[in-house]
Amino acid sequence: MGKIIAIVGMCGSGKSIASAKLEELGYKKVYFGGVTMEKLQESGLEVTPENEKMMREKLRSDLGMGAYAIVLLPKIKELSLNNNVVLDGLYSWDELMILNKEFELTTIAVVADKDLRYERLSKRIERPFNKTEAIRRDITEIENIAKAGPIAYADFYIFNNGTIEDFHNRLDEILKEI
């Protein structure tokens, strides 16, 4: 069985950067947010921040706070048989606990100052957020999705306030350690 690394962090912290680097190193990616997008598509709904929020909350209402781990567990098991796997965007404490029962999992939290995250979110090409939308999403994810637990309990941290080179150097340090 391969290594499984879960990347956790708030929106705009740099989770996708860490996941992309691990993919370059041969890790197979499982994108938790992809479940939301698939369910929106299946429902014929447009991808908007409001619809994404509604779908995330619906999935958790239907399946519990571990919904995304439950939905993705078969895919993670299959991929990890012969590959290292990166989990991009694990959200809730329940998801972390479900996955910890199934796998030897390493969590890396990507953290950045709030104002820097909000600036990055406003400039990103795919699904940009203005500051008001980003604040609303932060609060919703903390209050309704229990997102803070996996970040607080992470095995390693990348403080992403500097350069991309600093970011990659820290990720390289972590990978050598694990």
Side-chain angles (χ1 to χ4, degrees), residues 5-23 29-72 75 86-99 107-154 156-164 166-168 170-171:
I5 298 175
I7 307 297
V8 300
M10 298 302 288
C11 191
S13 62
K15 296 182 301 294
S16 298
I17 295 169
S19 295
K21 178 70 172 175
L22 289 168
E23 278 187 289
K29 181 170 90 170
V30 176
Y31 176 51
F32 277 52
V35 173
T36 304
M37 302 308 163
E38 287 172 19
K39 298 296 182 183
L40 285 172
Q41 186 177 21
E42 287 171 13
S43 301
L45 296 170
E46 184 181 354
V47 176
T48 65
E50 295 78 23
N51 285 344
E52 288 179 51
K53 176 183 181 238
M54 176 277 302
M55 188 57 70
R56 284 190 302 269
E57 291 177 359
K58 180 185 181 327
L59 284 167
R60 288 190 172 88
S61 173
D62 292 348
L63 299 173
M65 291 302 290
Y68 286 70
I70 292 166
V71 169
L72 292 170
K75 181 177 184 176
V86 58
L87 307 178
D88 183 356
L90 180 144
Y91 293 113
S92 77
W93 181 253
D94 287 7
E95 290 167 354
L96 179 62
M97 293 300 97
I98 288 167
L99 294 174
T107 54
I108 300 173
V110 182
V111 181
D113 290 350
K114 245 189 322 194
D115 286 338
L116 182 55
R117 287 191 303 107
Y118 296 162
E119 179 184 332
R120 288 173 179 160
L121 287 168
S122 72
K123 293 178 181 177
R124 75 180 184 184
I125 295 167
E126 189 175 312
R127 296 177 20 247
F129 291 105
N130 64 38
K131 186 174 181 176
T132 301
E133 292 168 330
I135 291 169
R136 188 177 327 120
R137 181 160 178 180
D138 276 359
I139 292 168
T140 298
E141 289 182 341
I142 291 167
E143 290 180 345
N144 300 343
I145 303 177
K147 194 170 188 178
I151 298 167
Y153 196 65
F156 299 94
Y157 291 85
I158 297 174
F159 297 99
N160 187 20
N161 289 336
T163 67
I164 193 72
D166 293 338
F167 186 100
H168 285 153
R170 175 62 182 140
L171 182 57

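Since this is a predicted model, take the numbers as computed values, not measurements.
- For the side-chain contact (heavy atoms from CB on, under 4.5 Å) criterion with Y118, the lone passing option out of I135, N130, T132, D113 is I135.
- Side-chain contact between V8 and Y153: absent, with no pair of heavy atoms (C-beta onward) separated by less than 4.5 Å.
- Within the 4.5 Å cutoff, the side chain of L90 has heavy atoms near those of the L99 side chain.
- Applying the side-chain hydrogen bond (donor to acceptor under 3.5 Å, both in side chains) rule to E119 yields the partners K123; only residues at least two apart in sequence or on another chain are considered.
- L121 and A134 get closest at one heavy-atom pair: CD1-CB, 3.7 Å.
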Show me the donor-acceptor pairs, under 3.5 Å and distance only, between side chains in residues 55-67 and residues at least two apart or in other chains.
residue : atom : partner : partner atom : Å
E57     : OE2  : N144    : ND2          : 3.1
K58     : NZ   : D62     : OD2          : 2.7
R60     : NH2  : E95     : OE2          : 3.0

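- Residues forming a ring pair (Phe, Tyr, Trp, His ring centres under 6.0 Å) with Y31 (at least two apart in sequence, or on another chain): none.
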Using a 3.5 Å cut-off and no angle test, enumerate the donor-acceptor pairs between side-chain atoms of residues 42-54 and protein atoms at least two apart in sequence or in another chain.
residue : atom : partner : partner atom : Å
S43     : OG   : K39     : O            : 3.0
T48     : OG1  : N51     : N            : 3.0
N51     : ND2  : E46     : O            : 2.7
E52     : OE1  : R127    : NE           : 3.3
E52     : OE1  : R127    : NH2          : 3.4
E52     : OE2  : R127    : NE           : 3.2

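- Side chain of K15 to main chain of G89: no donor-acceptor pair is present (N/O by atom type, distance under 3.5 Å, no hydrogens or angles).
- Of the residues listed (I17, L22, L87), the one engaging I7 in a side-chain contact (heavy atoms from CB on, under 4.5 Å) is L22, and it is the only one.
- A donor-acceptor pair is defined here as one N or O able to donate and one able to accept, closer than 3.5 Å; no such pair exists between the side chain of N160 and the backbone of A112.
- For R170, the salt bridge (Lys or Arg N to Asp or Glu O under 4.0 Å) partners at least two apart in sequence or on another chain are E173.
- Atom OG1 of T107 is separated from atom OH of Y157 by 7.5 Å, given to the nearest 0.5 angstrom.
- By the salt bridge (Lys or Arg N to Asp or Glu O under 4.0 Å) test, K131 pairs with D115, sequence neighbours left out.
- Summarising the local packing, CD of Q41 is surrounded by 12 or fewer heavy atoms from other residues, nucleotides or ligands at distances under 6.0 Å.
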